[in-house]
Amino acid sequence: MLIFDQEITGLARDLIGARLFVRGTGGMVLETEAYGRNDPASHSFRGPSTRNAAMFGPPGSVYVYLSYGCHLCLNVVGRAGEAVLIRAMLPEAGVALMRERRRGGAPLLAGPGRTGQALGIGLADNGKRFDGAEFTLESRTEARELLVGPRIGITRAADLPWRFGLAEASGLSRAFPAQARGNNLA
DNA sequence: CTCTAGATAAACT
DNA sequence: GTTTATCTAGAGT
């Protein structure tokens, strides 16, 4: 079982190799980033607001935000004010529908904006739960080797190694820097 | 490979 | 009113 109520980096690691589905589309999670409560790069840094309200919902909630005015990004909420951004997945379920939503553009799920588009999420999904209804999460079953590196596309706290990826996976949003290997999952 | 335009919600001054 | 933001597609070198 996946534990949502734990340190956010732990949740980000546990989500690698897990399977995530949104209304029948999705697949294995390949890449995540952790965002903490007192993390200058996090939307929750300045406290609760209309935009980030879902980040303060119960662990296991859905947090969706609009990035750069055009990209919807999906997050898994952990403890209050903490969340994990889903950056890349392996297309496994509902591939035809995802391809249609991406209008034939490939890749389907490599990158947070592409993932949001392929899964068909919207701001209206904020506050929903990963409870198996519309949003489902199945924990990883086997041990996997993990890549660790700095987060992408942020300006503050850019040095924290809070980005995680599945080793040997193709379909990551970007390659990890060298030295990223060597952390086995439990 | 690098560069740039594009899109809009919310925080900030 | 202005700026920034957890990016991407498409054009250019």
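Just so it is clear, the values below take in all heavy atoms, side chains as well, and ignore hydrogens, waters and symmetry mates. The chains referred to below are lettered A, B, ... by the order of the sequence lines, with proteins before strands, and numbering in each begins at 1.
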Atom-pair distance ([atom1] on [X]; [atom2] on [N]), nearest Å:
X	N	atom1	atom2	result
Ile154(A)	dA5(C)	CD1	P	10 Å
Ile152(A)	dA5(C)	CD1	P	16 Å
Arg156(A)	dA5(C)	CZ	C1'	9 Å

Minimum heavy-atom distance between Ala110(A) and Leu172(A), given as atom pair plus value: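 Scanning both residues, the minimum pair turns out to be CB-O, 3.9 Å.
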Minimum heavy-atom distance Ile152(A)-Tyr35(A), with the two atoms named: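 Taking every non-hydrogen atom into account, O-OH, 4.5 Å.
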Scan Phe130(A), Tyr63(A), Phe21(A) and name whichever one has a ring-ring contact (aromatic ring centres under 6.0 Å, His included) with Phe135(A).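 Among Phe130(A), Tyr63(A), Phe21(A), the one meeting ring-ring contact (aromatic ring centres under 6.0 Å, His included) with Phe135(A) is Phe130(A).
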Between residues 49-86 of chain A and DNA chain B, which residues have a heavy-atom gap below 4.0 Å?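 When residues 49-86 of chain A is checked for heavy atoms under 4.0 Å from DNA chain B, the hits, listed by number, are Ser49(A), Arg51(A), Leu66(A), Tyr68(A), Gly69(A), Cys70(A), His71(A).
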Name the closest nucleotide to the Arg87(A) side chain, picking from dC7(C), dA5(C), dA9(C).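 Nearest listed nucleotide: dC7(C).
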Counting any heavy atom closer than 4.0 Å, what does Ser42(A) reach on the DNA or RNA strands: base, sugar-phosphate only, or nothing?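 Counting heavy atoms under 4.0 Å across all strands, the contact made by Ser42(A) includes a base.
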Tell me what Arg102(A) touches on the nucleic acid: a base, only sugar-phosphate, or nothing, going by heavy atoms under 4.0 Å.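 Sugar-phosphate, no base atom in range.
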Is it the case that atom CZ in Arg101(A) sees more than 12 heavy atoms from other parts of the structure closer than 6.0 Å?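 Counting other residues, nucleotides and ligands, CZ of Arg101(A) exceeds 12 neighbours.
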I'd like to know if the side chain of Arg156(A) reaches the main chain of Pro40(A), judged simply by a donor and an acceptor atom lying under 3.5 Å from each other, with no hydrogens or angles considered.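 Here the side-chain-to-backbone pair exists.
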Is the phosphate of dA9(C), meaning OP1 or OP2, less than 4.0 Å from a side-chain N or O of Arg114(A)?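 Answer yes for this pair, as a side-chain N or O of Arg114(A) is under 4.0 Å from OP1 or OP2.
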I want to check one thing: is the phosphate of dA9(C), taken as OP1 and OP2, less than 4.0 Å away from some side-chain N or O of Arg103(A)?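 Result: no.
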Salt bridge or not for Arg19(A) and Glu138(A), using N-O below 4.0 Å?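 Not counted as a salt bridge, because no side-chain N and carboxylate O are separated by less than 4.0 Å.
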Could you walk me through whether Glu82(A) and Arg37(A) pass the salt bridge (charged side-chain N to carboxylate O under 4.0 Å, His left out) test, one step at a time? CA-CA 5 Å; Glu82(A) 310 198 317; Arg37(A) 176 66 185 83; over 6 Å; no
What is the first contacted nucleotide of DNA chain B and what is the last, in 5' to 3' order, if contact means an atom lying under 4.0 angstrom from a heavy atom of chain A?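 The contacted stretch runs from dG6(B) to dC12(B).
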Quick one: look up who dA9(C) pairs with, Watson-Crick or G-U, both distances under 3.5 Å, and put none if it's unpaired.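 By the stated definition (distances under 3.5 Å), dT4(B) pairs with dA9(C).
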